[in-house]
Amino acid sequence: MSRSRAMIMNTILLTGVSLLMRAVGMIFQVWLTRRIGAAGIGLFQLIMSVSMLAATFAISGIRFAATRLVSLELGRSEASGSAGLQYSGAFYAVRRCLVYALCFGAAASLFLWFGAPTIGSVWIGDARTVLSLRVLSLSLTPYALSAVFGGYFTAVCRVAKSAAVSVIEQLIRIAVIIAALGFSTGYGLETACAIVVAGGVAGEVSAFLLLAALYWFEKRAHSSPAFVRRVDSTAMTRRMLSIALPLALSAYARSALSTLQHLLVPRGLKKSGASSEKALADYGTVHGMVFPVLMFPSALFYSFAELVVPELTEAQVRGDNARISRLVSDSLRLCLLFSVGFMACMWGFGSELGTAVYGAGDTGRYLAGLAWLMPIMYLDSVTDGMLRGLGQQMYCMAYNILDSAVSVTLVYLLLPRFALAGYVFMVAFTEIFNFALSVNRLRRVTVIKFSVKTTLKALLAAFGAVNFTRLLTALAGAPAAPKPGVLALN
């Protein structure tokens, strides 16, 4: 099977798995929201903001480094015509990356375990998070090691294995949480959040063990004593560090700013006059309930953004600029067409969807009012993936750091005065700002062929179809739905 065909099949596979698991995740999110309430979701989101920072340190850029190193080894050895020789260098790269991941993952686990009281009580400002943070620390080392295996399977275009592991991980996580919360009674938000985090730890450990076993079988199948390439260990380590460490340092900055942003949101809402529980509930509604629905269709684009990295890397190694331009242009065009369709559907039926999923009218109004951001968010994710594939990861990370810094500034300035409206404005402004910087950089490193006429046709077709459908439902006597696109913020 050619690499292009393999990439298409892997994209379809990853998209199908991702959509399935997102659907399961959405159903579970609805169940969890009804179980612990919007305030519980808000508290859990604060824990997850710290989790994101800890996970960033645990990985420290190694997933992308593993993908790029393995892709480079395969690209350089392609002329040899020997699979055993190709994989010899790739396996050595994985071994180096595993040592790196083990060091950073273990350091992150120890730091979070011993620092949990300070982080929970001082940083987050809620002592109920300390137990969850300590439980969370147990997942960081296996998470870092799993990232290396995931990077390898992405580079060799055998994502079916990592996709299957992701499904199992998600199912284990949900099963543990439902069993623990379903058969327990009388627990408070502290215990409930700790149970949810413990389910994630169980899933992460299971995923690591499964990925390690799959990689062991993979290595046995492709190793050959007759083809052992002599690898310069110093040069390999230097290449790994030159990719991973700059990414890690920039990711630290971005993740720290992002964590600070999420911690400031409830405090800013409280300064606007909301109570502590109301601030958590509002934050949980927008960040923990609305955005997961808005991002649900993005499974296709996130899968493609990951798989396009090795394709662009190998094309760059071969100097095939025409293929790079074609991949970039086609990717952006397809992403725009799909996202415009999803945007129109969310704009037209977001109110009904929010009521159907969460039983809350406010959630539906947020979905309809924020639908116009969907193409920007989806295009930004694909653009970032292509920049990384072309070796522009430092520009990508610099833009993300700047984006996070602007977000923190806007949260600090706007939320005490404008409450939730200020938060929504901040999200919209930074999404547009980040995408504008990223796509401008992509234009500088490759030729993008784009048709404005096609875009306008897609917009007219999408919104025409949605309005025609609403007209038909009205003529059929269906109950009148709220006017789409109305976003009430209070």
Item to complete: Kindly indicate, with the supporting measurements, whether the criterion side chain to side chain contact (heavy atoms under 4.5 Å, CB included) is fulfilled by Val197 and Met48.
Response: CA-CA 9 Å; Val197 173; Met48 287 299 99; 4.3 Å; yes
Practice prompt. Kindly indicate, with the supporting measurements, whether the criterion side chain to side chain contact (heavy atoms under 4.5 Å, CB included) is fulfilled by Ser438 and Leu387.
Written response: CA-CA 8 Å; Ser438 298; Leu387 284 174; 4.1 Å; yes
Discussion item. For a side chain to side chain contact (heavy atoms under 4.5 Å, CB included) check, start with the C-alpha distance between Ile59 and Phe64, then their side-chain angles and the critical distance, and finish with the verdict.
Written reply: CA-CA 10 Å; Ile59 293 180; Phe64 176 75; over 6 Å; no
Item to complete: With side chain to side chain contact (heavy atoms under 4.5 Å, CB included) as the test, would you mind laying out the steps for Ser60 and Leu245 before giving the verdict?
Response: CA-CA 7 Å; Ser60 292; Leu245 286 182; 6.0 Å; no
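Nearest heavy-atom pair across Ala371 and Met343 is O-CG, 3.2 Å. The two residues Leu140 and Ala54 have their closest heavy-atom pair at CD1-CB, 3.8 Å. Heavy atoms only, all atoms of each residue included: Ala101 and Leu145 are closest at CB-CD2, 4.0 Å. Among all heavy-atom pairs drawn from Ser331 and Val382, the shortest one is CB-CG1, 4.2 Å. Residues Ala144 and Ala58 come closest through the heavy atom pair CB-O, 3.4 Å. Between Ala253 and Ile401, the shortest heavy-atom distance links the atoms CB-CD1, 3.8 Å.
A distance-only check finds a donor-acceptor pair linking the side chain of Ser329 to the backbone of Lys449 [under 3.5 Å]. For the pair Ser132 (side chain) and Arg128 (backbone), a donor-acceptor distance under 3.5 Å is absent.
Taking the ring pair (Phe, Tyr, Trp, His ring centres under 6.0 Å) definition, one finds that Phe208 meets it with nothing, sequence neighbours left out. In terms of the salt bridge (charged side-chain N to carboxylate O under 4.0 Å, His left out) criterion, residue partners of Arg333 (sequence neighbours excluded) are, by chain and number, Asp330. Scanning for side chain to side chain donor-acceptor pair (under 3.5 Å) contacts around Asn321 gives an empty result, with sequence neighbours left out. Residues meeting the side chain to side chain donor-acceptor pair (under 3.5 Å) test with Thr56, sequence neighbours left out: Ser255. Checked against side-chain contact (heavy atoms from CB on, under 4.5 Å), Leu413 has the following partners two or more places apart in sequence or in another chain: Thr409. Contacts of Tyr423 classified as ring pair (Phe, Tyr, Trp, His ring centres under 6.0 Å), with partners at least two apart in sequence or in another chain: none. For Arg96, the side chain to side chain donor-acceptor pair (under 3.5 Å) test picks out Tyr92, Thr237, with sequence neighbours left out. For Phe435, there are no ring pair (Phe, Tyr, Trp, His ring centres under 6.0 Å) partners two or more places apart in sequence or in a different chain. Remark: Phe153 engages no residue in a ring pair (Phe, Tyr, Trp, His ring centres under 6.0 Å) (not counting sequence neighbours).
Here Thr383 contributes atom OG1 and Arg443 contributes atom CZ; the two are 12.0 Å apart, rounded to the nearest 0.5 Å. Atom CG of residue Leu136 and atom CD1 of residue Ile119 lie 9.5 Å apart, to the nearest 0.5 angstrom. Rounding to the nearest 0.5 Å places CD of Glu431 at 11.0 Å from OH of Tyr378. The CD atom of Gln392 sits 4.5 Å away from atom CZ of Arg441, with the distance rounded to the nearest 0.5 Å. Here the straight-line distance linking atom CG of Leu379 with atom SG of Cys335 works out to 4.0 Å at 0.5 Å rounding. Residue Leu294 holds its CG atom at 6.0 Å from CE of Met374, rounded to the nearest 0.5 Å.
Listed by first and then second residue, the ring-ring contact (aromatic ring centres under 6.0 Å, His included) pairs involving residues 385-409 amount to none (not counting sequence neighbours). Contacts classified as salt bridge (Lys or Arg N to Asp or Glu O under 4.0 Å) and involving residues 396-421 (residues at least two apart or in different chains) are not found. Within the structure, side chain to side chain donor-acceptor pair (under 3.5 Å) contacts touching residues 98-124 (residues at least two apart or in different chains) are Ser109-Thr141.
Proximity of Leu367 to Trp347: side-chain heavy atoms (C-beta onward) are nowhere separated by under 4.5 Å. Between Val447 and Val328 there is no side-chain heavy-atom pair separated by less than 4.5 Å. Counting heavy atoms from C-beta outward, Ile448 and Ser325 have side chains that stay 4.5 Å or more apart. Counting heavy atoms from C-beta outward, Leu69 and Cys97 have side chains that approach closer than 4.5 Å. Side-chain atoms of Arg63 and Thr154, non-hydrogen and from C-beta on, do get closer than 4.5 Å to each other. Asn400 is listed as a side-chain neighbour of Asp384, based on a closest heavy-atom distance under 4.5 Å. Lys161 places none of its side-chain heavy atoms less than 4.5 Å from the side chain of Leu211. You'll find the side chain of Val156 reaches within 4.5 Å of the side chain of Val70, heavy atoms only.
Screening Leu332, Thr446, Val439 for a side chain to side chain contact (heavy atoms under 4.5 Å, CB included) involving Met386 leaves a single residue, Leu332.
Counting non-hydrogen atoms of neighbouring residues, nucleotides and ligands closer than 6.0 angstrom, the CZ atom of Phe111 reaches no more than 12 such neighbours. Sparse packing is recorded around OH of Tyr412, with 12 or fewer heavy atoms of other residues, nucleotides or ligands lying under 6.0 Å away. Counting heavy atoms of neighbouring residues, nucleotides and ligands inside a 6.0 Å radius, atom CZ of Phe44 exceeds 12 of them. Summarising the local packing, CZ of Phe429 is surrounded by 12 or fewer heavy atoms from other residues, nucleotides or ligands at distances under 6.0 Å.
Note on ring orientation: taking the six-membered ring where Trp is involved, the planes of Phe57 and Phe104 are perpendicular (angle over 60°, cut-offs 30° and 60°).
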